[in-house]
Amino acid sequence: MKNEGIEGTERFLSPDKGRGLRAVRHFAVGELVFACPAYSYVLTVNERGAHCEHCFTRREDLFKCGKCKQAYYCNVDCQRGDWPMHKLECVAMCSYGENWCPSETVRLVARIIMKQRATTERTPSERLLLLKEFEAHLDKMDSEKEEMNQTDIAALHHFYSRHISNLPDEQALTELFAQVNCNGFTIEDEELSHLGSAVFPDVALMNHSCSPNVIVTYKGTVAEVRAVKEINPGEEIFNSYIDLLYPTEDRKERLLDSYFFTCQCTECTSRSKDKAKMEIRKLNPPPEPEEIRSMVRYAKNVIEEFRQMCELSLEKMGAIFADTNVYMLHMMYQAMGVCLYMQDWDGAMSYGEKIVQPYSVHYPAYSLNVASMYLKLGRLYLGLEKKTQGVKALKKALAVMEVAHGKDHHYVAEVKREIEEQK
């Protein structure tokens with residue numbers, strides 16, 4: 001395939017950022033900027049049996065691979081389409097049985113290696129950026145990341161060396177794993193549940209901004225990039241690499257740790273939302289700055305290990321933090337997850353009601369996090385026979401999803417059907 005580019009956009013050298021993507025025509029809010037099929041992808045093990053291994057369709061009447069009995073498909077066409085990649089895992093799973101347990105990243109890299117051997121020309125996923133052009137940032141990796149890389153390489157050799165002849169050498173694998181870790185994507189459903197991992201080279205070309213003008217959603221194994229702001233000719237097209245709920249210093253820390261750069265976007269320089277995100281209760285006397293910093297450190301630490309501490313932590317942090325504070329919201333989101341797991345529907349609904357409005361303020365317009373929360377809340381309301389509230393929440397989710405996913409997306413159709421069923 002020749003390098004035909006992506007209509008309406010061009011690759012260019014972005015000042016202080018390296019290569020990037022910019023518009024050469026106007027894009028309206030909700031308009032599809034471009035779509036990119038996955039170069040390589042893998043369904044997460046936990047979703048096997050619920051989603052087709054090839055097209056990621058969610059359905060109940062899937063049939064399983066007759067050999068390994070673990071991969072499921074819509075039909076014979078999907079099974080045949082997936083066989084060039086699945087045959088690698090099929091043989092390995094049969095060989096190792098219950099001991100077959102490579103990480104999702106290792107599975108993805110194995111598929112990339114096979115794809116690279118089978119495909120020598122530029123693919124439809126690489127109209128502007130080749131996978132081999134991915135940044136690896138090997139010189140910026142700390143000892144922990146290097147150790148994780150070596151663990152993944154060892155796992156690749158352990159589970160696949162008998163089934164992939166002549167694996168790349170150590171240096172090539174080190175670079176490939178680093179490239180995937182820095183440029184890979186998580187495919188998610190309409191509630192932002194994890195479905196799998198993939199690489200989309202053209203999508204990876206976009207630089208990051210904490211105030212992005214596009215959003216990436218998924219239709220099966222195809223990434224769709226849609227405008228969430230008006231984009232004029234000559235403007236750079238920015239995606240967000242991280243969850244944007246958190247204040248500037250947190251975002252900068254996450255970006256530096258995972259992507260090795262210090263963000264200087266307009267949101268990071270203006271810090272326009274930090275005050276609202278870090279809202280403190282009106283106390284007399286007001287807490288000292290060091291007391292606030294200490295509570296932030298506490299919040300960060302407890303978020304890592306807190307499952308059984310949700311209520312206690314919320315009570316402690318709530319003494320200083322307002323309910324709209326992002327660390328309170330994070331804790332409430334986790335508590336909501338615990339309630340859903342325990343089938344405490346009323347408790348989950350209560351947390352969702354506290355979360356959804358601050359989310360709408362803290363996140364950018366047309367955020368999938370906001371849509372997901374309205375969707376969860378709407379379905380909870382309907383399950384608790386609160387029809388009016390349920391339909392209202394689903395409609396709010398739908399308003400975001402029609403822009404972010406596009407009006408013809410099957411997730412949008414599903415939500416519309418749920419709303420129609422309540423009439």
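Counting begins at 1 with the first residue of the sequence.
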Go through Q79 and C65 one step at a time and tell me if the side-chain contact (heavy atoms from CB on, under 4.5 Å) criterion holds. CA-CA 8 Å; Q79 187 174 22; C65 171; 4.2 Å; yes

What residues form a ring pair (Phe, Tyr, Trp, His ring centres under 6.0 Å) with [X], not counting sequence neighbours?
X    : value
H194 : none
F260 : H137
F185 : F200

Take H208 and F261, measure what side-chain contact (heavy atoms from CB on, under 4.5 Å) needs, and give me the verdict at the end. CA-CA 10 Å; H208 166 86; F261 71 90; 3.8 Å; yes

Any residue meeting side-chain hydrogen bond (donor to acceptor under 3.5 Å, both in side chains) with [X], in chain and number order, not counting sequence neighbours:
X    : result
E146 : none
Y241 : none
T174 : none

May I have all residue pairs that pass ring pair (Phe, Tyr, Trp, His ring centres under 6.0 Å) and include part of residues 348-388, sequence neighbours excluded?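 Checked against ring pair (Phe, Tyr, Trp, His ring centres under 6.0 Å) - neighbours excluded - the pairs reaching residues 348-388 are Y359-Y363.
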
Contact check, side chains of Q70 and C68, non-hydrogen atoms, under 4.5 Å: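 When only atoms from C-beta onward are counted, C68 and Q70 do touch, with a gap below 4.5 Å.
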
In chain order, what residues pass the salt bridge (charged side-chain N to carboxylate O under 4.0 Å, His left out) check against [X], with sequence neighbours excluded?
X    : value
E235 : none
R293 : E290
D77  : none

Without placing hydrogens or testing angles, list every side-chain donor-acceptor pair under 3.5 Å for residues 48-55, not counting sequence neighbours.
residue, atom, partner, partner atom, Å
R48, NE, E53, OE1, 3.3
R48, NE, E53, OE2, 3.2
R48, NH2, E53, OE2, 3.0
R48, NH2, E89, OE1, 3.0
H51, ND1, F56, O, 3.0
H51, NE2, E47, OE1, 3.4
H54, ND1, Y41, OH, 3.2

Under 3.5 Å, sequence neighbours excluded: what are the donor-acceptor pairs made by side chains of residues 392-412?
residue, atom, partner, partner atom, Å
H409, ND1, Y411, N, 3.0
H409, NE2, Y218, O, 2.6

